[in-house]
Protein chains: 2
Amino acid sequence: MTVQKIGKRRTQQREAVLSILQETVGPLSINDIHDLATEYCPDIGIATVYRTIKLLLETDQVVQVILPDGIGRYELPDAAPHQHFLCEECGRAFDLDLGKVSWSKSSFKRKGFRVEDQELCLLGSCPDCR
Amino acid sequence: MTVQKIGKRRTQQREAVLSILQETVGPLSINDIHDLATEYCPDIGIATVYRTIKLLLETDQVVQVILPDGIGRYELPDAAPHQHFLCEECGRAFDLDLGKVSWSKSSFKRKGFRVEDQELCLLGSCPDCR
DNA sequence: CTAAATGCAAAATCTTTGCAGCCTC
DNA sequence: GAGGCTGCAAAGATTTTGCATTTAG
């Protein structure tokens with residue numbers, strides 16, 4: 001595992017947040033991270049989670065994902081572009097790799113939009129909720 | 001124009017919100033709606049906008065859209081499924097019709113996800129910002 | 001007139017910030 | 001030790017709610 005640099009000091013709280021992000025597949029909300037971190041650091045405060053995530057975002061060690069439920073979630077940057085699945089029943093988010101997503105470029109490109117990125121999210125029920 | 005039913009009474013404020021949604025192409029935030037509504041009803045309060053939108057959502061007269069910037073926006077229900085474009089410079093959202101969006105179903109369907117909907121948002125610069 | 005709807009301000013959330021004490025280095 | 005980091009609590013920001021007043025029907 002790569003030695004991560006978070007801020008200037010290595011603390012239990014930051015180790016916990018980073019471990020959780022590394023061990024989990026799929027994006028996690030601040031509350032998810034805080035709940036999980038509590039098992040490593042029982043007294044970790046939510047403010048520390050916010051601060052740690054902000055720090056990780058600023059140093060590009062974490063990526064923010066906002067899915068159609070409006071909840072901000074965080075995951076490690078992934079080399080491959082990917083998509084997400086949001087379970088409308090339990091609210092959990094999953095990473096997907098759908099390969100190339102294609103659509104008809106013709107209908108709007110001429111109107112002067114410059115596309116730099118795209119986000120695709122599928123919604124429905126996850127395996128556990130079916 | 002169809003006669004809309006909002007709650008039990010037809011008020012200037014509700015007429016204003018509905019007119020704005022009808023006259024605008026693309027989804028609008030609560031603040032957008034409030035700012036625009038002020039021109040019809042100078043004293044309309046933001047709480048009334050929240051309440052009116054909530055009422056319209058509950059009666060399926062309006063649809064909520066949350067794009068990757070996390071801001072909730074509202075638009076009239078559209079018969080045709082469509083996508084959105086979010087300008088990363090000015091923050092405005094636009095409706096798009098990209099026709100059929102396709103991706104490789106094979107990679108996750110067998111794992112037990114049931115897909116009921118999908119949201120595609122393109123990001124970049126709008127014609128005004130280029 | 002009656003009661004639904006509004007505006008205001010207070011309450012409820014969620015996120016950020018200030019600060020005294022703790023803990024890395 | 002010095003100063004970065006933390007937890008707590010206060011401050012902001014956003015959305016919802018309670019209530020007296022206004023207003024549609």
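Below, chains carry the letters A, B, ... as their sequence lines are ordered, and counting in each starts from 1. When reading the values below, keep in mind they use all heavy atoms of this one structure, side chains included, and skip hydrogens, waters and symmetry mates. Because the structure is predicted, anything quoted here is derived from the model rather than measured.
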(message) Given 3.5 Å as the limit, does a donor-acceptor pair link the side chain of B/Q61 with the main chain of B/K5, or not?
(response) yes
(request) Output all residues satisfying side-chain hydrogen bond (donor to acceptor under 3.5 Å, both in side chains) with A/Q12, sequence neighbours left out; order by chain, then residue number. (result) none
Please list each protein N or O that sits under 3.5 Å from an N or O in nucleotides 10-14 of chain C, with the distance.
none

(request) Could you identify which residues of residues 57-72 of chain A place a heavy atom less than 4.0 Å from some atom of DNA chain C, listed by residue number, or say none? (result) none
(request) Under the side-chain hydrogen bond (donor to acceptor under 3.5 Å, both in side chains) rule, what do A/S29 and A/D32 come out as? Steps first, then yes or no, please. (result) CA-CA 5 Å; A/S29 69; A/D32 292 338; 3.1 Å; yes
(request) If a pair satisfies salt bridge (Lys or Arg N to Asp or Glu O under 4.0 Å) and one of its residues is in residues 14-29 of chain A, list it, with sequence neighbours excluded. (result) A/R10-A/E15
(request) Please identify each residue that fulfils ring-ring contact (aromatic ring centres under 6.0 Å, His included) with B/H84, with sequence neighbours left out. (result) B/H82
(message) Need the bend value for the helix from C/dC1-D/dG25 to C/dC25-D/dG1: angle between end axes, 5 pairs each end, nearest 10°.
(response) 30°
(request) Any salt bridge (Lys or Arg N to Asp or Glu O under 4.0 Å) involving residues 43-58 of chain B? Give me the pairs, sequence neighbours left out, ordered by first then second residue. (result) none
(request) Determine which pairs satisfy salt bridge (Lys or Arg N to Asp or Glu O under 4.0 Å) with at least one residue from residues 62-73 of chain B, sequence neighbours left out, and list them in order. (result) B/D69-B/R73
(message) Just verifying a value: how many Å separate A/E39 CD and A/S19 OG, rounded to the nearest 0.5 Å?
(response) 12.5 Å
(request) Give the other cluster members for A/L18, using side-chain heavy-atom distances under 4.5 Å between Ile, Leu, Val, Met, Phe, Trp and Tyr residues; answer none if it is isolated. (result) A/I6, A/V17, A/I20, A/L21, A/L28, A/I30, A/I33, A/L36, A/Y40, A/I44, A/I46, A/V49, A/Y50, A/I53, A/L55, A/L56, A/L57, A/V62, A/Y74, A/L76
Below 3.5 Å, can you tabulate the donor-acceptor pairs from side chains in residues 118-129 of chain A to any protein atom, sequence neighbours excluded?
unit_1, atom_1, unit_2, atom_2, d
A/Q118, OE1, A/W103, NE1, 2.9
A/S125, OG, A/E89, OE2, 2.8
A/D128, OD2, A/R92, NH2, 2.7

(request) Kindly indicate whether the side chain of A/E75, heavy atoms from C-beta on, has any atom under 4.5 Å from the side chain of A/V65. (result) yes
(message) Of all nucleotides in DNA chain D that come within under 4.0 Å of a heavy atom of chain A, which is furthest toward the 5' end and which toward the 3' end?
(response) D/dA2 to D/dC8
(message) Can you build the contact string for nucleotides 1-8 of chain C? Use B for base contact, S for sugar-phosphate-only contact, and - for no protein heavy atom under 4.0 Å.
(response) -BBBSSBB
